[in-house]
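This report refers to the structure that appears directly beneath it.
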Amino acid sequence: MTKSELIERIASRQQQLSVKDVELAIKTILEQMSQTLAMGERIEIRGFGSFSLHYREPRLGRNPKTGETVQLAGKYVPHFKPGKEMRERVNESLHKR
Amino acid sequence: MQALTKSEMAERLYEELGLNKREAKEVVELFFEEIRHSLEDNEQVKLSGFGNFDLRDKSQRPGRNPKTGEEIPISARRVVTFRPGQKLKSRVETYVGTES
């Protein structure tokens with residue numbers, strides 16, 4: 001499912017909002033989620049999961065073209081931990097059909 | 001530190017887009033519910049600019065009860081993984097942590 005399919009599915013499941021309104025809402029939600037992580041803050045959605053940042057230590061890397069060794073700085077990467085309901089529902093689907 | 005939750009997301013839709021509170025709450029609920037529903041149907045979710053939710057089937061593997069040391073197999077399972085997109089990764093990696 002892509003973002004535009006998600007928007008269509010949400011629009012079809014409720015009466016009040018147009019596809020355009022839903023599109024704007026979904027973009028706003030995703031932007032707020034990205035901003036939150038960019039500020040180093042967590043996102044917690046019960047039954048879905050949580051997003052947080054994990055730190056990656058500085059390391060020596062290599063330029064794949066020249067083979068030259070380069071020092072890579074430490075950085076943060078986004079991390080998602082599925083919530084209990086998400087884990088259970090996805091895992092149940094393995095045992096169905 | 002306060003984490004972002006569904007109620008702040010609904011609040012922002014109310015303030016920025018002028019959705020009424022009930023619509024705002026419903027859209028936020030449907031957003032997460034439809035993603036979960038897709039994953040439950042074994043369908044990957046791709047949100048460009050943010051990231052992809054992928055599914056991985058893991059086969060049974062040997063495990064151990066850490067307390068008793070007893071061997072118990074970890075059953076085959078399907079799990080969700082999140083791969084952040086390039087745009088999200090670059091927005092986040094420049095974050096300078098406050099705790100040293």
Side-chain angles (χ1 to χ4, degrees), chain A residues 1-6 9-11 13-14 16-17 21-22 24-53 55-56 73-83 85-87 89-97, chain B residues 1-6 8-10 12-13 16-17 19-20 22-24 26-28 30-51 53 55 57-58 75-85 87-89 91-99:
Chain A
M1 176 173 74
T2 61
K3 198 193 292 178
S4 50
E5 287 164 343
L6 172 63
R9 289 183 201 182
I10 293 172
R13 285 199 50 195
Q14 51 79 55
Q16 303 85 33
L17 302 170
D21 289 336
V22 172
L24 209 51
I26 297 323
K27 292 191 168 159
T28 303
I29 290 172
L30 288 169
E31 176 56 25
Q32 188 180 16
M33 290 172 75
S34 300
Q35 276 172 6
T36 298
L37 291 171
M39 292 186 299
E41 290 172 12
R42 293 169 56 81
I43 304 168
E44 286 178 7
I45 310 297
R46 182 154 311 157
F48 186 85
S50 60
F51 296 85
S52 59
L53 298 188
Y55 183 63
R56 294 280 175 269
K75 63 172 182 181
Y76 286 88
V77 294
H79 177 77
F80 174 67
K81 184 172 188 284
E85 189 190 345
M86 172 77 100
R87 286 201 309 270
R89 283 172 59 174
V90 162
N91 192 36
E92 273 163 26
S93 71
L94 178 64
H95 306 292
K96 273 187 259 166
R97 41 186 161 241
Chain B
M1 178 172 37
Q2 181 69 48
L4 177 65
T5 62
K6 287 191 285 192
E8 280 90 38
M9 295 181 185
R12 169 119 20 146
L13 297 182
E16 274 191 18
L17 305 183
L19 303 197
N20 72 42
R22 196 177 48 79
E23 289 166 348
E26 194 182 0
V27 169
V28 172
L30 284 171
F31 174 76
F32 292 107
E33 181 53 28
E34 288 298 321
I35 294 174
R36 203 163 36 202
H37 199 262
S38 178
L39 295 169
E40 203 178 6
D41 280 346
N42 200 20
E43 182 189 32
Q44 179 199 36
V45 177
K46 294 158 69 168
L47 303 176
S48 66
F50 189 74
F53 294 92
L55 293 148
D57 287 349
K58 306 218 169 186
S75 58
R77 59 193 63 201
R78 178 170 291 158
V79 297
V80 179
T81 60
F82 175 68
R83 277 178 59 90
K87 195 171 155 201
L88 179 62
K89 278 203 273 191
R91 283 179 74 172
V92 155
E93 73 182 6
T94 53
Y95 167 70
V96 180
T98 45
E99 66 277 80

Ring geometry between B/Phe82 and B/Phe53 (parallel below 30°, tilted from 30 to 60°, perpendicular above 60°):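 Tilted: the ring planes of B/Phe53 and B/Phe82 meet at 30° to 60°.
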Give a yes or no on this: more than 12 heavy atoms of other residues, nucleotides or ligands lie within 6.0 Å of atom NZ of A/Lys3.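 More than 12 within 6.0 Å, yes.
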Go through [options] and name the one with the most non-hydrogen pairs under 4.5 angstrom from chain A.
options	result
B/Lys89, B/His37, B/Arg77, B/Lys87	B/Arg77
B/Glu34, B/Glu43, B/Arg36	B/Arg36
B/Ala10, B/Gly51, B/Ser48	B/Ser48

State, to 0.1 Å, how close B/Val92 and A/Ala38 come at their nearest heavy-atom pair, and which atoms those are.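 For B/Val92 and A/Ala38, the tightest heavy-atom pair comes out as CG2-N, 4.0 Å.
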Under 4.5 Å from a heavy atom of chain B, the part of [X] involved:
X	value
A/Glu92	neither
A/Leu37	both
A/Leu6	side chain
A/Val77	backbone
A/Pro78	both
A/Leu24	both
A/Thr36	side chain

Of B/Leu39, B/Asn42, B/Asp41, which meets side chain to side chain contact (heavy atoms under 4.5 Å, CB included) against A/Val90?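 When B/Leu39, B/Asn42, B/Asp41 are each tested with A/Val90, the side chain to side chain contact (heavy atoms under 4.5 Å, CB included) holds only for B/Leu39.
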B/Val28 and side chain to side chain contact (heavy atoms under 4.5 Å, CB included): which partner among B/Lys6, B/Glu33, B/Glu8?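 Between B/Val28 and the candidates, side chain to side chain contact (heavy atoms under 4.5 Å, CB included) is satisfied uniquely by B/Lys6.
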Heavy-atom proximity to chain A below 4.5 Å, by part of [X]:
X	value
B/Leu13	side chain
B/Glu26	side chain
B/Arg83	neither
B/Phe32	both

Flag the pair A/Phe48 / B/Ile35 as yes when at least one side-chain heavy-atom distance between them is below 4.5 Å, and no otherwise.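 Heavy-atom side-chain distance check passes, below 4.5 Å.
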CG/B/Leu4 to CD/A/Glu44 distance, rounded to the nearest 0.5 angstrom?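 Reported to 0.5 Å precision, the distance equals 9.5 Å.
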List the steps, then state whether side chain to side chain contact (heavy atoms under 4.5 Å, CB included) holds for A/Arg56 with B/Glu93. CA-CA 9 Å; A/Arg56 294 280 175 269; B/Glu93 73 182 6; over 6 Å; no
Using 4.0 Å as the upper bound for N to carboxylate O, is an ion pair formed by A/Arg89 and A/Glu85?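 Counted as a salt bridge, because a side-chain N and a carboxylate O are separated by less than 4.0 Å.
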Which one of A/Gln35, A/Glu5, A/Lys81 has the most heavy-atom pairs closer than 4.5 Å to chain B?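 Looking at each of A/Gln35, A/Glu5, A/Lys81 in turn, A/Gln35 comes out on top.
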